[in-house]
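Just so we're clear, the structure is a prediction, and the values are computed from it rather than from any experiment. Residue numbering restarts at 1 for every chain, and letters A, B, ... go by the order of the sequence lines.
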Amino acid sequence: MSFSICVAQCTDSLAATMDDQARIMQSIGGVSLAGHSVQGGMALPPPHGHDGSDGDGRKQDIGDILHQIMTITDQSLDEAQAKKHGLNCHRMKPALFSVLCEIKEKTGLSIRGSQEEDPPDPQLMRLDNMLLAEGVAGPEKGGGSAAAAAAAAAASGAAGDNSIEHSDYRAKLTQIRQIYHTELEKYEQACNEFTTHVMNLLREQSRTRPISPKEIERMVGIIHRKFSSIQMQLKQSTCEAVMILRSRFLDARRKRRNFSKQATEILNEYFYSHLSNPYPSEEAKEELAKKCSITVSQVSNWFGNKRIRYKKNIGKFQEEANLYAAKTAVNAAHAAAAAVQNSQANSPTTPNSGGYSAPCYQSDGRIQ
DNA sequence: AGGTATGATTATCT
DNA sequence: AGATAATCATACCT
């Protein structure tokens with residue numbers, strides 16, 4: 001996840017590819033020593049025709065140059081730069097370069113690796129989709145976090161309820177989002193920097209050894225792949241973080257507490273006194289919610305559950321129904337009595353006083 | 001511990 | 001958009 005790891009990995013990969021090249025160089029060097037230089041020696045005999053001594057000197061010279069080439073990577077940058085310049089101006093350089101080109105052509109190193117194109121990784125797509133859905137990826141500024149919050153609120157069923165937990169959740173999510181984006185940016189920047197660096201390096205090297213544009217392209221591809229695999233790690237861990245956050249906050253709300261006795265009382269009262277049409281209006285729901293100190297969506301849930309469960313097994317709820325019918329009847333009676341008293345009309349019999357007539361249920365469970 | 005009650009979620013329908 | 005029905009997951013009771 002950390003940037004340093006990423007860079008380390010990339011540096012590793014670069015080191016590996018450099019190793020590769022060193023090996024190539026070595027093999028080329030071997031061949032040219034075994035073949036061409038001897039041939040060259042025959043084609044260009046020593047100028048003054050002296051016996052082998054001058055030829056030996058040249059071989060010595062070439063061996064020396066090759067040695068310099070091979071060890072150039074071990075030296076400090078300035079040192080190497082100076083050496084490189086010296087070698088570049090060496091009179092044998094064009095010859096060596098063409099030899100290298102020829103050998104490379106023969107060994108077919110320049111052709112390999114042209115077939116690999118990026119197949120869209122299904123797992124990467126999965127991660128991308130999830131991050132997008134969670135509002136972590138996607139458009140950054142302005143509506144970004146707000147949209148994520150709105151999505152979370154919408155998912156929870158009722159916007160605005162549990163606002164404390166919600167804002168907490170939202171804060172954590174934006175935190176994750178921010179980390180994700182800064183890391184992503186860092187990776188991108190590092191990738192670009194690294195790519196241009198390597199490209200410059202290769203371009204520069206192409207003056208001393210044959211490197212085709214194809215190869216540079218390939219190298220860029222390798223770097224990009226490496227970096228995107230690191231990005232995938234970032235995405236993976238971001239996904240994990242979001243999942244943990246979700247399970248801790250959103251799913252925590254799934255952990256239910258039973259409503260208070262009072263609340264269920266009020267809800268049941270409403271339900272059984274509106275048995276013929278137990279569908280509270282929005283306003284009624286709001287009022288019930290306020291009275292029970294629960295949310296409107298909880299009221300909706302309660303009525304949804306109640307309706308279906310009542311309908312499913314009316315018999316089981318008979319007792320409860322009677323109980324609440326009695327209660328509302330008593331309430332009504334009290335209210336009526338109060339009203340009567342208030343209106344100072346003296347009627348001898350209070351309706352339903354002292355008892356209640358059990359409600360008559362139809363087969364569909366509705367009060368007649 | 002196991003069964004039931006219950007609040008929440010989900011898919012589907014209208 | 002709201003209702004329903006099935007289902008999940010936990011609370012609560014025995």
Side-chain angles (χ1 to χ4, degrees), chain A residues 126-127 129-136 138 143 146-173 176 239-328 359 361-368:
Chain A
R126 206 170 52 83
L127 289 172
N129 286 341
M130 185 189 153
L131 289 173
L132 217 60
E134 296 296 334
V136 174
S156 84
D161 63 346
N162 292 328
S163 54
I164 303 134
E165 277 185 29
H166 240 138
S167 62
D168 209 1
Y169 172 79
R170 205 164 35 193
K172 288 260 162 59
L173 194 70
I176 289 173
C239 273
E240 268 167 37
V242 171
M243 291 308 255
I244 290 165
L245 186 69
R246 272 184 79 89
S247 66
R248 209 166 279 163
F249 281 86
L250 292 184
D251 294 352
R253 283 177 300 166
R254 200 187 165 92
K255 249 187 179 180
R256 65 181 184 82
R257 304 248 75 196
N258 286 2
F259 296 154
S260 71
K261 209 112 195 338
Q262 244 181 329
T264 34
E265 196 100 324
I266 292 163
L267 293 167
N268 272 317
E269 245 168 67
Y270 188 98
F271 180 79
Y272 286 109
S273 63
H274 296 76
L275 246 195
S276 59
N277 185 34
Y279 296 89
S281 65
E282 198 57 34
E283 299 89 76
K285 279 184 195 170
E286 275 165 31
E287 198 182 323
L288 285 168
K290 201 149 75 174
K291 273 205 250 179
C292 302
S293 51
I294 56 177
T295 68
V296 172
S297 58
Q298 281 178 306
V299 173
S300 296
N301 285 341
W302 191 90
F303 273 89
N305 284 322
K306 191 73 185 181
R307 280 192 297 263
I308 194 73
R309 283 164 187 165
Y310 181 82
K311 197 176 104 179
K312 245 181 169 169
N313 191 353
I314 294 167
K316 200 170 78 179
F317 289 91
Q318 197 64 254
E319 205 180 319
E320 193 179 68
N322 291 342
L323 200 129
Y324 281 99
K327 200 172 279 200
T328 52
Y361 293 98
Q362 290 183 319
S363 60
D364 66 353
R366 293 178 179 178
I367 285 178
Q368 199 167 34

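- A salt bridge between A:Glu320 and A:Lys306 is present, with a side-chain N of the basic residue lying under 4.0 Å from a carboxylate O of the acidic one.
- Rounding to whole angstrom units, CZ of residue A:Phe259 and P of B:dT6 are separated by 11 Å.
- Closest heavy-atom contact between A:Ser273 and A:Thr328: CB-CG2, 4.0 Å.
- Separating the CZ atom of A:Arg256 from the C1' atom of B:dA5 is a distance of 7 Å, rounded to the nearest angstrom.
- When the P atom of C:dC8 is taken as reference, atom CG of A:Asn301 falls 17 Å away, rounded to whole Å.
- Considering every non-hydrogen atom in both A:Leu267 and A:Cys292, the closest pair reads CG-SG, 4.0 Å.
- The nearest whole Å value for the distance from the CD1 atom in A:Ile294 to the P atom in B:dT6 is 14 Å.
- Between A:Tyr310 atom OH and B:dG7 atom P there is a gap of 18 Å when expressed in whole angstrom units.
- Proximity of A:Arg307 to the phosphate of C:dT4: a side-chain N or O atom is located under 4.0 Å from OP1 or OP2.
- Of the listed residues (A:Leu288, A:Thr264, A:Ile294), just one forms a side-chain contact (heavy atoms from CB on, under 4.5 Å) with A:Trp302, and that residue is A:Thr264.
- The NZ atom of A:Lys306 sits 18 Å away from the P atom of C:dA6 (whole-angstrom rounding).
- Contact annotation for A:Lys316: backbone-only contact, meaning every heavy-atom pair under 4.0 Å involves sugar-phosphate atoms and none involves a base.
- Within the structure, every side-chain polar atom (N or O) of A:Asn305 is placed at least 4.0 Å from both OP1 and OP2 of B:dG7.
- Between A:Lys312 and C:dT4, a side-chain N or O to OP1/OP2 separation shorter than 4.0 Å is absent.
- Distances shown here put a side-chain N or O of A:Arg257 below 4.0 Å from the OP1 or OP2 atom of C:dC12.
- Each of A:Arg309 and A:Asn258 lies near DNA chain C, and the nucleotide nearest A:Arg309 is the one positioned closer to the 5' end.
- Distance CD (A:Glu265) to C1' (B:dT6): 16 Å, rounded to an integer number of Å.
- For A:Phe271, the ring-ring contact (aromatic ring centres under 6.0 Å, His included) criterion is met by A:Tyr310, not counting sequence neighbours.
- Atom CD1 in A:Ile308 sits roughly 12 Å away from atom C1' in C:dT7 (whole-Å rounding).
- OP1 or OP2 of C:dG2 has not a single side-chain nitrogen or oxygen of A:Lys285 nearer than 4.0 Å.
- In terms of phosphate contacts, A:Gln298 brings no side-chain nitrogen or oxygen within less than 4.0 Å of OP1 or OP2 of B:dG7.
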